[in-house]
Structures are given as structure tokens and as C-alpha cells.
Amino acid sequence: MKTIVACQRLALRLFLLYTVSAIFAMGQGASNLSPPYYPAPYGGWAPTWSDSYTRAVTLVEAMTLAEKVNITAGTGMYMGDLSRCVANTGSAERVGFPQLCFQDGPLGVRTTGNITAFPAGITTGATFDKKLMYERGVALGEEFRGKGANVYLGPSVGPIGRKPRGGRNWEGFGSDPVLQGIAGAETIRGVQEQGVIATIKHLIGNEQEMYRASFWQKAYSANIGDRAMHELYLWPFADAVHAGVGSAMTAYNDVNGSSASQNSMIISGLLKDELGFQGFVMTDWLSHYAGVASALAGLDMSLPGDTFTNSIPLVGYSHWMGELSKSVLNGSVPVDRLNDMCTRIVATWFQFGQDQNYPKPNFHAWVSTAEGALYPGAVVSPSGLVNEFVNVQGNHKAIAKQVAQEAITLVKNNNSFLPLSTSGQFTVFGTDAQADPSGINNCLDKSCNGGTLTMGWGSGSATLPYLDDPITSIRKKAAKVTYHASDTFPNVGTPGDDEIALVFINSDSGENSLTVEGNHGDRDATGLAAWHNGDELVKKAAAAYKSVVVVYHTVGPVIMEPWVNLPSVKAVLVAHLPGQEAGDSLTEVLFGEVSPSGHLPYTIPVSEDQYPESLDIVEGAGVQDTYLEDLYIDYRFFNKNNTKPRYAFGHGLSYTTFEFSEPSITSVTKLTRDLPARSPKGTTPVSSMNRTIPAASEVYQPSGFSTVWRYLYSWVSNGDADNAYKIGKEGTSKYPYPEGYSSEQKAGPAAGGPNGGNPALWETAWTLSVTVTNTGSKAGKASGQVYVQFPDGNGYDTPIIQLRDFEKTATLQPGGSEKLEFTIKRRDVSVWDVKEQTWVVPGLDSGYKLWIGDSSDNLHLFCNTAKLGCEEGVDSPV
Ligand SMILES: *[C@@H]1O[C@H](CO)[C@@H](O)[C@H](O)[C@H]1NC(C)=O
Ligand SMILES: *[C@@H]1O[C@H](CO)[C@@H](O)[C@H](O)[C@H]1NC(C)=O
Ligand SMILES: *[C@@H]1O[C@H](CO)[C@@H](O)[C@H](O)[C@H]1NC(C)=O
Ligand SMILES: *[C@@H]1O[C@H](CO)[C@@H](O)[C@H](O)[C@H]1NC(C)=O
Ligand SMILES: *[C@@H]1O[C@H](CO)[C@@H](O)[C@H](O)[C@H]1NC(C)=O
Ligand SMILES: *[C@@H]1O[C@H](CO)[C@@H](O)[C@H](O)[C@H]1NC(C)=O
Ligand SMILES: *[C@@H]1O[C@H](CO)[C@@H](O)[C@H](O)[C@H]1NC(C)=O
């Protein structure tokens with residue numbers, strides 16, 4: 001749908017489009033700072049994928065050139081045919097390979113009904129609970145499979161949350177690579193165990209929405225240093241590959257001056273060779289800029305098939321499909337590159353058993369009625385049955401509610417004001433407490449902020465099947481409730497001393513394709529303040545009432561300074577983005593049926609001035625976004641800068657108290673400074689596939705085939721095919737290969753290996769344990785978080801502490817205790833050495849301190865890796 005909006009603007013911008021494309025073309029050559037990495041590495045060398053590759057090679061060898069090309073691209077935006085998803089690839093039905101259905105989004109099956117709208121990624125991160133992350137993944141996988149989607153377009157771990165105003169941070173799990181990496185991997189495991197292919201996205205540097213690529217403008221360039229790339233941004237992608245993720249999506253932005261979808265260093269160098277990724281790489285929607293160059297760089301799939309540039313968009317032009325057929329015939333794209341693209345796609349399909357009884361799509365992403373246009377993008381389209389309304393909800397509301405609830409983060413609770421008694425007298429303020437009276441799904445992709453904020457906007461949203469809203473739930477539990485459904489403070493007279501005000505406020509963000517209340521995806525208009533004058537509403541309630549409780553639904557960090565220290569503001573709950581289960585999940589916490597156990601997946605600052613300037617939103621087409629802060633984002637920066645935030649990363653209170661005791665450390669694998677040599681890549685059957693340029697007739701359009709306007713086909717006219725073949729055969733004209741181009745497969749980097757890099761990185765170096773005891777008077781769950789501190793003088797400027805593992809206890813009764821165990825891997829104590837171009841472990845002699853606690857600023861015991869001993873009752877390092 002974003003394209004429809006874009007199309008309206010398009011007419012006004014045609015002139016601009018051509019002007020900007022000209023500048024774009026110049027800029028492309030001039031500012032390409034990413035080093036070349038060629039050729040694209042073949043897949044198939046990781047042992048865990050070899051059966052799937054053997055089968056894929058047999059199937060792909062049986063395909064004609066037109067069939068191979070057909071499966072590497074979508075059939076066009078809104079051109080779903082009988083597979084009716086946000087993208088559908090072409091098929092090779094003759095040999096039994098179907099169209100594949102690609103569907104948004106990370107928190108639920110988008111734009112269709114009878115699904116579950118799960119809590120968002122940021123909410124899931126705030127649970128700090130691996131099991132819940134996994135179970136949400138299982139439920140998502142069941143729903144995507146139930147709807148017949150082959151590919152789940154999630155999880156998102158990029159943006160990582162570098163910029164507090166960034167529009168799509170809420171789709172991911174929080175501003176830390178380990179939190180993103182673990183949550184992403186658990187999601188992938190859960191989804192893929194259902195036979196659904198997960199997609200790790202967006203590769204890489206998609207840290208803001210404004211000035212991303214679009215029809216009319218060149219994208220910003222994310223200029224990321226090599227060390228920050230490895231230690232922050234690529235880190236969660238490594239976890240995803242380690243978890244066996246089947247596909248990856250590139251970003252809308254450039255990286256170091258070259259478009260992410262044709263940047264050979266990030267696709268072929270980092271993802272495929274260093275991390276050993278065996279699946280396939282797709283573009284983000286329409287961000288495909290060149291045919292031959294992107295294929296050479298390692299891109300495997302163009303989605304939804306058409307492009308932003310080099311054509312009037314959406315008239316049936318693709319850089320691949322027919323153009324790729326010609327590029328192979330004329331010798332510019334080597335046959336082995338196409339074979340590798342296809343075997344990556346087909347092997348992934350085998351890897352998840354999709355050749356066995358995988359359901360066909362039974363919904364339509366763009367049409368909500370039972371019958372509708374089969375090709376909504378064509379002007380004239382036949383119609384037919386498009387929606388079968390399959391209900392895929394199962395009992396998923398239970399896991400959706402549990403995630404929403406265990407994410408709720410109590411950041412302030414003066415004198416244990418919460419929990420509330422249901423017999424109290426409550427006055428509730430703020431439209432965020434109620435379901436939007438104009439309908440819970442009354443705007444496109446949640447591009448309006450009315451009522452309870454359940455998710456951000458854009459392609460990462462889903463249709464709410466229903467909404468369990470807070471005010472209805474409050475009224476179910478308490479008898480004396482008055483609600484003012486307004487964001488303007490009403491005249492309340494003189495409230496009694498024991499009357500309690502509950503104030504609901506929110507802060508929203510989303511995708512740049514839609515603007516909401518002046519915010520262009522990023523929170524460029526509102527900043528980190530509450531929307532709809534929410535801060536005023538709280539201040540006025542705090543002036544009138546003796547006791548105020550604030551509930552904040554938010555996409556990310558917010559500024560609470562206008563009211564958080566007012567004496568009448570007794571308690572503040574950050575309820576994140578709860579999805580459909582926003583009511584009881586919250587009120588059971590408010591009224592004390594369960595203790596809150598969420599923790600902040602980012603820092604809450606005192607003011608935006610506390611962040612370094614390089615984290616501001618950058619503006620202008622083609623603007624440079626240079627990562628000057630390097631490793632120092634979120635709490636890494638606050639700690640280095642010795643700045644106290646309002647609430648630290650990892651902070652979260654409970655109704656009870658916990659004591660951490662009896663820390664212990666065990667050495668598992670002895671480490672050395674240098675990474676052990678990797679074993680050579682295994683062989684792959686892809687390398688013995690036929691590389692001869694096939695006959696031109698393999699792409700002749702069949703005579704009498706009646707085409708649908710705008711549909712993308714891999715066939716070309718006989719004349720074009722013959723001409724291309726002639727060029728390839730005679731070598732009369734040569735493709736201008738990029739600098740550094742080679743067709744010799746490489747051995748791969750020292751840090752590389754199958755399943756997430758050199759296997760030594762994944763070895764457990766130490767295990768830690770700690771006993772957590774409930775020392776309070778209420779039941780509750782505790783969060784255990786482990787942060788590493790590198791020894792002084794280790795030779796590398798490294799953040800003071802960095803999260804490395806976390807676990808959550810079960811519900812502990814008063815007096816109850818549980819032993820939590822953590823693992824520290826080699827990579828957790830490594831730095832990326834930019835000169836040596838590999839990981840090293842620099843602090844073995846003096847030893848690393850492994851801090852244990854329940855927040856980044858509440859760490860009072862540590863174990864030392866050199867002494868293999870632990871200390872308790874010490875001062876927190878920050
Ligand atoms: C981007 O440029 C920086 C600075 O020159 C360099 O350290 C880094 O390796 C480059 N990364 C990529 C992916 O090109
Ligand atoms: C490409 O895929 C489309 C959609 O499934 C199909 O109609 C067409 O026949 C396929 N082309 C080839 C060469 O198989
Ligand atoms: C859910 O399914 C029912 C049929 O079981 C259908 O009538 C209804 O329209 C569907 N809801 C949505 C929002 O698609
Ligand atoms: C081969 O065809 C592609 C697609 O049309 C074109 O971009 C490329 O320049 C051609 N190569 C040669 C050597 O003509
Ligand atoms: C906590 O409440 C007491 C009164 O009960 C008040 O004096 C104090 O200022 C409050 N502290 C904060 C930080 O709000
Ligand atoms: C902390 O950050 C601010 C804002 O970037 C900067 O002005 C100040 O110099 C920094 N202080 C330290 C000690 O790094
Ligand atoms: C390789 O492909 C070419 C072109 O399609 C064909 O002529 C040749 O027979 C194939 N070789 C083998 C060994 O199958």
C-alpha cells in the first residue's frame with residue numbers, strides 16, 4: 001500500500017525524479033567506499049545444509065534458463081496471481097517448484113484477519129525472557145504457515161536502535177546487540193521449526209527512516225566503521241545465521257556509499273563468507289538499482305520484482321526477469337552465479353521441508369473480501385476467490401498476553417505505591433486508555449494514533465482481530481472508576497486525597513512511507529515527548545491529585561522529566577507496545593495479581609542533549625550518516641560519558657525484592673588470544689554444475705502465451721534472446737566489471753565459518769551461576785543480566801560494560817530461590833581487530849570481570865575469569 005501513496009506523490013515529483021536520478025548516477029561512482037568483495041561465494045559448504053543443497057542442485061539442473069530466472073524475482077507489486085502475498089516469486093512448475101509467498105511482518109500476518117496481533121519486538125525484548133521469545137516465535141510460525149505464507153518477513157534486528165528517534169526501532173528488540181541477537185535467534189528457531197522460512201533484516205544500517213530510498217530520492221549512506229559493524233550492527237545477524245535463518249533482506253539505505261542491495265562487501269563478504277550464510281538474500285521492496293551489478297554483488301532475489309528507478313515505476317519493468325535472462329545469455333552474469341542464486345533459494349525451501357505438503361496461500365494481502373481481483377495491480381483483472389478466512393489464532397492469545405505482561409516495566413514506585421487495591425477510587429485520563437472510538441483498524445497500516453497504542457505504523461503492523469483495551473479491563477476489576485476520554489485535562493473540582501489518577505499517554509513512530517501527525521516515520525516532529533500533549537496531561541493530574549500513576553505506551557525512549565519527579569507521581573509503568581492484549585495484561589499488574597517483571601530494553605535519558613550529536617536524524621537526499629559515536633550507543637555512551645540517565649538500560653522494579661548470592665564461575669574451554677585457524681570451507685555441489693551459456697531458445701516467450709499487463713516474466717522476444725546469446729558467444733562487447741572483480745571462489749576470511757563464523761567464536765568459555773532469592777513479601781520473577789567488563793589497558797577502547805547473557809527466574813514465592821546459569825562464549829570477550837581483520841581476546845591475563853545483577857546500573861557481584869573467583873557486595877561499575 002505504501003506504493004499507492006507514493007504514486008500520488010509521483011506525478012508531482014517526476015521532474016525531481018529525473019534530476020535526482022542524474023545526481024544519483026554521478027554519486028554512485030564517486031563515493032563508493034565499500035571495498036569490493038568478489039565473487040559471490042557459493043552456498044552449500046556448511047554440513048548442516050548439505051542434503052538440501054544436493055537435492056536443490058538436482059532440481060535446478062533440470063530447470064531451463066527462463067525457469068531459473070523466474071524463481072529469483074517477484075512477479076510484480078500487487079501482482080500476486082493466485083498466491084496473493086506482499087510478494088510472490090515466479091515458479092518453475094514444470095519441475096515442481098512453486099511460487100513462494102512472502103509476507104510481512106515481524107509481529108503478525110499483515111493486512112489480513114483471523115490472526116493474532118502479537119506484542120511488538122521492543123515489547124518482546126523487554127521481557128528479557130528467552131523462553132517467551134521462542135514461544136512467540138512458535139506461535140508466529142504457526143500463523144504464517146496456517147495462512148500459507150512460505151516466508152515470514154522478520155525478525156528485524158536492524159535498526160538496532162542507534163537513534164532514539166528512529167522510526168522502526170520498535171520492530172526490533174532493543175538498543176543492544178546481544179538482546180537483539182538472542183531475541184532474534186529465539187524467534188527464528190520458533191518460526192522455522194514450523195517449516196516457515198524466517199528473514200533476518202535489514203542488512204544493514206537502517207537506523208533512520210527519513211531519506212531512505214524511494215521513487216524520488218537517493219538514500220542516505222550509513223557509514224559504519226569496521227569495528228562497530230562487527231561488535232554492534234552485524235552481531236545479531238551472526239546469531240541469526242547461527243540459528244539457521246533461511247533468508248536475509250537488505251536495507252533501503254546505502255552502506256559506505258553503495259546501495260545495500262548491491263554492496264558486495266556486506267552481502268558477499270560479511271554475510272555469506274564471514275558469517276557463512278547458506279540461505280538467500282532478497283532486496284527490500286523495490287530497492288533494486290541495477291541488474292548485473294546486484295547479481296555480481298551477491299543478491300539472490302529481487303522483490304516484489306519491480307524497481308524504484310530506471311523506469312516509470314510499476315509498469316512491469318524489472319532489473320531482473322527478462323533482463324537477467326539476457327544478462328546470462330550475453331555472458332555478463334556468469335551462469336554459475338545464477339546457479340548459486342537458484343540453489344540458495346531451492347535449498348532453503350528443502351531445508352524447511354516446504355516440498356512436503358506446504359499449504360498454499362489462502363488469504364490476500366491487498367483484498368479483504370472473499371472474491372476480488374486476482375491481479376490488483378493490473379488495470380483490468382479477472383476476479384476469483386482470494387480469501388478463505390482461515391483462522392490461525394489457535395490459543396496464541398495466551399502467549400501474546402504473557403509477553404505483553406512480562407514486558408511491563410515498572411520504572412518508579414515511590415514507597416511501594418503499587419499495586420493498587422481494586423476497592424480504590426480511580427479517575428482515568430487520556431485517550432490512550434481506550435480503544436480508538438473510530439475503529440481499532442481505522443487507518444492504513446496503523447498510520448494514525450488514536451486510542452491505545454498497540455504497535456507502531458507501517459509494514460511492521462498487523463490488523464487487530466480485537467483489542468482488549470485498558471479502560472474496559474480496569475472497569476471489570478474496579479467498581480469506582482471515572483474515565484475522561486480526552487487528552488485535555490478536564491475540570492475535576494477538588495479530588496479527595498484518596499482518589500487516584502491513572503494517566504495514559506503514548507509515543508508513536510513507524511515507516512517513512514506514511515506520515516503521522518507530522519512525524520515522517522522517525523519521531524522528527526514530536527521528538528521524545530509524549531504525543532497529544534501527554535506531558536501536560538500528567539502535570540495537570542499531578543497538580544490536582546495526591547497520587548498519580550502513569551502508564552506509557554511507547555515505541556522507544558521518552559523524556560519523563562516534566563513530571564517524573566513530582567511528589568504526587570507515585571508510579572510509572574512503561575507498557576511498550578502490547579498488541580491486542582493491552583488490557584488484562586496491564587491491570588493484573590496494576591492490581592497486584594502478578595508483579596511486574598519487564599526491564600528497559602534501552603536507556604531513558606534525562607534529555608535528548610545527553611546523546612551524542614551523531615545520533616540525530618540526518619536530513620537531505622543522499623545525506624551522509626557517519627557513525628562518529630562508533631561503539632558508543634545507548635548505555636555504552638552514557639557510561640563512557642559518565643552521564644546519569646533517568647533510568648538505565650535493564651532497569652525494572654518488582655513488587656517484591658530479590659537477593660543475588662553465591663556467584664560461581666567454571667572454566668569450560670581454555671581460550672588463547674588468537675582465534676584458532678578455521679577449517680577450510682567444505683565442498684559444495686554447486687561448483688560442479690554446468691556453466692555453459694544455455695541456448696537462447698530457453699528464454700523464448702512461448703507463442704500464444706497471453707500475458708497480463710505489468711506481470712513480470714523471465715521470457716524475452718526471440719530477437720532479444722538471439723542478440724544477447726550472440727554477444728555472449730562472440731564476446732564482442734564486454735561488461736565493465738567493477739574494480740576488484742574476480743570469478744575465482746575465495747577460501748573465506750579467518751574469522752569466517754559455517755553457521756555464524758569461525759566455530760571457535762561460539763565455544764563456551766565459562767559458565768556462571770547465581771542464586772536468586774525472593775526476599776520480599778510478594779511473588780515475582782527476577783531478571784538476571786550478565787555484563788562483561790574488559791580489563792584496563794587491554795589495548796582496545798571498549799565500552800565499560802556490555803550485556804552478554806540474561807535469564808529470568810520462574811515465579812518465586814516469598815523466600816523461594818532459583819539458581820540461574822549463564823554462558824560466556826569466546827565472542828563475548830573478543831574485540832574485532834581492524835588491522836588483523838579478525839577477532840582477538842585481549843584480556844586473558846588480568847581477566848575479565850563478569851558482572852551479574854538485574855540492571856546495567858545495579859551490578860553488585862562479579863566473577864573474574866583469570867582468578868576463577870567471584871566477589872559479592874561490591875560497588876556497581878557504573
Ligand atoms: C566502511 O568504511 C569504513 C571507514 O572507511 C571502514 O572501516 C569499513 O570497513 C567500511 N565497511 C564496509 C562494509 O564497506
Ligand atoms: C514463471 O512464473 C509464473 C508464475 O507462476 C508462471 O506463470 C510462468 O509460467 C513461469 N515461467 C516459466 C518459464 O516457468
Ligand atoms: C474471519 O473469518 C470469518 C469466517 O470464519 C470471516 O467471516 C471474517 O470476515 C474474517 N475476518 C477478517 C477480518 O478477515
Ligand atoms: C547484457 O544484458 C544486460 C541486460 O540487458 C545488460 O545490462 C548488459 O550491459 C549486457 N552486457 C553486454 C556485454 O552487452
Ligand atoms: C516519594 O513520596 C514522598 C511522600 O510519600 C515524597 O516526599 C517524595 O518526594 C517522593 N519521591 C519521589 C522521588 O517522587
Ligand atoms: C559527554 O557528552 C556531551 C555531549 O555529547 C559532551 O559535550 C561532553 O563533552 C561529554 N563528556 C565526556 C566526559 O565525555
Ligand atoms: C551444459 O549445458 C550446455 C548448454 O545448455 C549443454 O549443451 C551441455 O550438454 C551441458 N553439459 C552437460 C554435461 O550436461
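Note that ligands are numbered from 1 as they come in the structure, with each ligand's atoms numbered from 1 the same way. A quick note: this is a predicted structure, and the numbers were derived from the prediction, not measured.
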Please confirm whether Tyr545 and Phe429 have ring centers closer than 6.0 angstrom. yes

Need the ligand 2 atom indices (1-based, order shown) with element for anything under 4.0 Å from a heavy-atom of Gln99. 4 (C), 5 (O)

Where is the nearest protein heavy atom to atom 10 (C) of ligand 4: which residue, which atom, and how far? Asn330 ND2, 2.5 Å

Does ligand 4 have any atom sitting under 4.0 Å from a heavy atom of Ser733? yes

At less than 4.0 angstrom from any non-hydrogen atom of Gly90, what atoms of ligand 2 do you find? 2 (O)

Side chains of Ser294 and Tyr289: does their closest heavy-atom pair fall under 4.5 Å? no

Run the salt-bridge test on Arg710 and Asp306 with the 4.0 Å N-O cut-off and return the result as yes or no. yes

With heavy-atom distances below 4.0 Å as the criterion, list the atoms of ligand 2 near Tyr711. 4 (C)

Consider ligand 4: state whether an atom of it lies below 4.0 angstrom from any non-hydrogen atom of Gly291. no

Which residue in the set Asn339, Ile693, Asp340, Leu296 passes side-chain contact (heavy atoms from CB on, under 4.5 Å) when paired with Pro334? Leu296

Classify the ring geometry of Trp563 against Tyr552: parallel below 30°, tilted from 30° to 60°, perpendicular beyond 60°. tilted

What protein heavy atom lies closest to atom 8 (C) of ligand 5? Include the residue and the distance to one decimal. Asn414 ND2, 3.6 Å

Counting each atom of ligand 4 from 1 as listed, which ones have a heavy atom of Glu323 under 4.0 Å away? 4 (C), 5 (O)

Taking the six-membered ring for Trp, are Tyr713 and Trp715 parallel (under 30°), tilted (30 to 60°) or perpendicular (over 60°)? parallel

Is atom 14 (O) of ligand 5 touching the protein, meaning some protein heavy atom lies under 4.0 Å away? yes

Atom 7 (O) of ligand 4: closest protein heavy atom, distance to 0.1 Å, is Val292 CG2, 4.0 Å

Parallel, tilted or perpendicular: which one describes the rings of Tyr317 and His319, with boundaries at 30° and 60°? perpendicular

Pairs of nitrogen or oxygen atoms closer than 3.5 Å, one from Tyr735 and one from ligand 4: do any exist? no

Using non-hydrogen atoms of the residue, decide whether Tyr713 is closer than 4.0 angstrom to ligand 2. no

Answer with yes or no whether Phe705 contacts ligand 2, where contact means a heavy atom under 4.0 Å from a ligand atom. no

Output the list of atoms in ligand 5 that are nearer than 4.0 Å to some heavy atom of Lys412, sorted by atom number. 12 (C), 13 (C), 14 (O)

The criterion is side-chain hydrogen bond (donor to acceptor under 3.5 Å, both in side chains); which residues satisfy it with Asn357, sequence neighbours excluded? none

Need the ligand 4 atom indices (1-based, order shown) with element for anything under 4.0 Å from a heavy-atom of Ser327. 1 (C), 2 (O), 3 (C), 4 (C)

Heavy-atom contacts under 4.0 Å between Trp715 and ligand 2: side chain, backbone, both, or neither? side chain

Return yes or no for this condition: an N or O of Lys734 is under 3.5 Å from an N or O of ligand 4. no

